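One structure below.
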Amino acid sequence: MHLYTEAKHIAQDALEQVAQYGGDASDYIHQDCDSHECVILYHRAIRFCADHNTNAGEEWLEDCGGIAQPGDSFGQIACRIAFATLYCAAMDALAEMESEYEDA
């Protein structure tokens, strides 16, 4: 999986959901990221974290109270980091798309 491509796809889907149903694109992005296979499957999350730069996701988690919670397994931490990294990338892609739309 290419992070930038997947993030753009998630952001585009969110914009389409907003156009069809209304609401906030960030809510749709959150839902899509929360149910993404690289977030819900431990082995995919671990692979995702190994293959991608997770700095933005880790920073976001630290701002939200920390990466790990008491009792977390390695897999749970990887899932949390994968979610945050994908979410941040999709939110960046959304901001980029909205900026392009405003400029047009």
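Since the structure is predicted, the reported quantities are computational estimates derived from the model, not experimental observations.
- Interatomic distance, NE2 of His43 versus SG of Cys79, reported as 10.0 Å (0.5 Å rounding).
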Kindly list each side-chain donor-acceptor pair under 3.5 angstrom involving residues 57-65, sequence neighbours excluded, with atom names and distances?
{"residue": "Glu58", "atom": "OE2", "partner": "Thr54", "partner atom": "OG1", "Å": "2.4"}

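- Applying the salt bridge (charged side-chain N to carboxylate O under 4.0 Å, His left out) test to residues at least two apart or on different chains, the pairs with a partner in residues 64-84 are Asp72-Arg80.
- Asn53 meets the side chain to side chain donor-acceptor pair (under 3.5 Å) test with Asn55; sequence neighbours excluded.
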Query - Evaluation steps, side chain to side chain contact (heavy atoms under 4.5 Å, CB included), between Gln76 and Gln69 - result: CA-CA 9 Å; Gln76 289 169 315; Gln69 304 301 318; over 6 Å; no
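- Ile46 and Leu41 fall into different hydrophobic clusters, where Ile, Leu, Val, Met, Phe, Trp and Tyr are joined by side-chain heavy atoms under 4.5 Å apart, directly or via other members.
- In this view, His2 and Thr5 satisfy the side chain to side chain donor-acceptor pair (under 3.5 Å) rule, not counting sequence neighbours.
- Rounding to the nearest 0.5 angstrom, the gap separating the SG atom in Cys38 from the CG atom in Leu86 is 5.0 Å.
- With sequence neighbours left out, Asp24 forms a salt bridge (Lys or Arg N to Asp or Glu O under 4.0 Å) with no residue at all.
- To the nearest 0.5 Å, atom CD of residue Gln12 and atom NE2 of residue His9 are 9.0 Å apart.
- In this structure, Ala25 and Ala14 approach most closely via the heavy-atom pair O-CB, 3.6 Å.
- Residues in residues 11-20 take part in no salt bridge (charged side-chain N to carboxylate O under 4.0 Å, His left out) pair, two or more places apart or across chains.
- Chaining together hydrophobic side chains whose heavy atoms lie under 4.5 Å apart leaves Tyr42 on its own.
- Residues satisfying the side chain to side chain donor-acceptor pair (under 3.5 Å) test with Glu96, not counting sequence neighbours, are Tyr4.
- Take Glu37 and apply the salt bridge (Lys or Arg N to Asp or Glu O under 4.0 Å) test, not counting sequence neighbours, and it matches Arg44.
- Centroid-to-centroid, the aromatic rings of His36 and Tyr87 stay 6.0 Å apart or farther.
- A search for side chain to side chain donor-acceptor pair (under 3.5 Å) contacts involving Asp27 returns nothing, not counting sequence neighbours.
- Taking a 4.5 Å side-chain heavy-atom cut-off between Ile, Leu, Val, Met, Phe, Trp and Tyr, the cluster of Val18 extends to Tyr21, Tyr28.
- The two residues Cys33 and Ile10 come nearest to each other via the heavy atoms SG-CD1, 4.1 Å.
- Partners of Phe48 by ring pair (Phe, Tyr, Trp, His ring centres under 6.0 Å), not counting sequence neighbours, listed by chain and number: His52.
- Taken to the nearest 0.5 Å, the CD1 atom of Ile81 stands 5.0 Å off from the CD1 atom of Ile67.
- Among all heavy-atom pairs drawn from Ala7 and Ala90, the shortest one is CB-N, 3.6 Å.
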